[in-house]
Amino acid sequence: MTQTATDPLVIGTRTYKSRLLLGTGGFPRLEALAEAIGASGTELVTVALRRIDPAQRGSLVDVLDAAGVELLPNTAGCFTARDAVLTAKLAREAFGTDLVKLEVIGDERTLLPDAVELLAAAEELVAAGFVVLPYTTDDPVLAKRLEDVGCAAVMPLGSPIGSGMGIRNPYNIGLIVEQAKVPVVLDAGVGTASDAALAMELGCDAVLCASAISRAQDPTAMALAIRAGVEGGRLARGAGRIPRRLYAEASTPDAGLPSFG
Amino acid sequence: MIAVNGHPNGLVQPGSTVRAMLDVLGLDEAARGVAVAVDAEVVPRAEWSTFLLADDAHVEVLTAVQGG
């Protein structure tokens with residue numbers, strides 16, 4: 001298996017050079033978001049839908065259009081399949097895209113997905129012609145079920161949204177990667193560049209990152225760092241790491257070792 | 001009374017179109033990134049000039065915000 005940093009990410013019929021998806025939440029200013037987009041090299045960024053405020057003309061879409069990135073609308077804040085499906089359909093109208101990051105949350109404190117509602121919503125949206133990227137738990141069985149109903153990718157969490165706790169169960173992420181025939185995007189939990197690198201070393205096809213960049217002290221610098229982490233992890237995965245050993249294995253030969261009496 | 005984004009709005013007359021409602025609200029109907037739901041159903045942009053609002057319509061007008 002040879003992987004390079006340049007082979008494209010393929011989601012459905014779309015291809016991307018970048019393997020870093022950027023969440024737009026949490027940036028204090030649109031200028032900071034635009035800078036981070038540039039530094040991250042991302043081609044696909046999330047947006048949410050909320051009630052319009054007539055007083056505040058949002059220029060978010062203009063900023064994202066100017067950055068030349070594709071929009072990935074999410075269904076953040078939805079707790080039922082019904083609300084998530086309606087939100088996805090509204091996003092399709094608003095943005096003219098069939099892509100959707102499907103989130104159906106089951107618990108306000110942890111923002112963990114509701115597996116039952118998520119699967120129901122995914123099935124309905126696939127039938128309605130959407131390219132569905134579900135935010136899911138790190139459960140390999142659920143990931144498989146989501147793939148089976150026609151999702152174009154699966155996006156397991158490393159740890160809860162915004163927690164920065166990294167990948168709490170790398171074995172499960174590895175199992176999801178091993179069985180998946182669609183791209184696996186590590187979504188949620190990344191806190192810093194090494195978390196993104198680990199995701200890629202585990203075989204994920206991409207990383208979706210929001211808070212780790214947007215809430216960093218220097219979002220632009222962190223965007224660069226996480227981009228490098230994704231690229232490094234991808235290269236390392238392709239390079240094939242050495243097996244872990246409990247004891248040392250000398251890299252210097254014993255042969256020719258002098259004896260000093 | 002028609003409710004817009006959770007608030008009764010006496011300025012939006014029953015029987016008016018979605019497009020007329022957007023005008024009353026001072027929203028640019030050509031703006032990208034705007035979507036309208038009436039009574040939990042999407043109203044496609046192509047129907048904005050013909051879709052009539054009932055006097056008890058529950059309207060949601062949504063747009064893009066940062067998130068996710």
Side-chain angles (χ1 to χ4, degrees), chain A residues 21-30 32-33 45-65 71-77 82-83 85-96 100-101 103 128 133 135 155 161-162 187-188 208-211 214, chain B:
Chain A
L21 285 62
L22 183 67
T24 59
F27 287 92
R29 294 174 298 107
L30 287 175
L33 169 60
V45 304
T46 65
V47 290
L49 272 183
R50 288 292 180 268
R51 285 173 169 169
I52 199 165
D53 176 0
Q56 188 181 6
R57 292 302 168 83
S59 53
L60 174 62
V61 174
D62 293 339
V63 167
L64 299 178
D65 283 348
L71 303 186
L72 173 59
N74 71 23
T75 63
R82 168 190 177 267
D83 284 0
V85 168
L86 178 56
T87 301
K89 289 178 176 174
L90 285 162
R92 180 163 65 180
E93 276 298 310
F95 308 119
V100 62
K101 173 182 168 179
E103 294 182 48
L133 284 62
Y135 164 65
M155 305 209 295
I161 292 170
D187 183 5
L208 196 162
C209 190
S211 303
S214 67
Chain B
M1 193 180 290
I2 292 171
V4 180
N5 287 351
H7 300 290
N9 191 321
L11 299 175
V12 180
Q13 297 302 314
S16 54
T17 64
V18 167
R19 174 155 294 174
M21 174 199 69
L22 294 174
D23 285 343
V24 167
L25 297 175
L27 297 172
D28 177 8
E29 66 225 23
R32 188 162 166 251
V34 176
V36 177
V38 176
D39 299 330
E41 296 285 343
V42 180
V43 181
R45 187 173 285 252
E47 295 173 20
W48 284 0
S49 57
T50 54
F51 191 101
L52 304 179
L53 298 172
D55 60 5
D56 60 349
H58 176 113
V59 183
E60 293 283 344
V61 186
L62 307 178
T63 194
V65 299
Q66 290 171 238

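Excluded from the calculations below are hydrogen atoms, water molecules and symmetry mates; all remaining heavy atoms, backbone and side chain alike, are included. Lettering of chains follows the sequences in order, A, B, ..., and the numbering in each one begins at 1. Keep in mind it's a predicted model, so treat the numbers as computed, not measured.
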Can you tell me which portion of B/Ala40 sits under 4.5 Å from chain A's heavy atoms? Options are side chain, backbone, both or neither.
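Its backbone and side chain both get close to chain A.
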Give, as side chain, backbone, both or neither, the part of B/Val36 having an atom under 4.5 angstrom from any heavy atom of chain A.
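Answer is backbone: N, CA, C or O of B/Val36 sit under 4.5 Å from chain A.
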Relative to chain B, which segment of [X] carries a heavy atom at a distance below 4.5 Å: side chain, backbone, both, or neither?
X	value
A/Leu71	side chain
A/Arg92	neither
A/Lys89	both
A/Ala210	side chain

Distance col, row B/Thr63:OG1 vs A/Leu49:CG, nearest 0.5 angstrom, shows 7.5 Å
I'd like to know if the side chain of A/Arg51 reaches the main chain of B/Asn5, judged simply by a donor and an acceptor atom lying under 3.5 Å from each other, with no hydrogens or angles considered.
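Confirmed, A/Arg51 side chain pairs with B/Asn5 backbone.
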Using a 3.5 Å distance criterion without hydrogens, assess whether the side chain of B/Gln66 forms a donor-acceptor pair with backbone atoms of A/Phe27.
yes
When only pairs under 4.5 Å are counted, which of A/Asp65, A/Thr87, A/Asp187 shares the most heavy-atom pairs with chain B?
A/Asp65
Selection from A/Leu90, A/Val47, A/Ile161 maximising heavy-atom pairs under 4.5 Å formed with chain B
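Ranked by contacts with chain B, first place is A/Leu90.
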A/Phe95 and B/Gly33 have their tightest heavy-atom pair at CE2-CA, 3.7 Å
Flag the one option from B/Leu62, B/Val34, B/Val43, B/Val4 with the top tally of heavy-atom pairs under 4.5 Å to chain A.
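Result: the option with the highest number of such pairs is B/Leu62.
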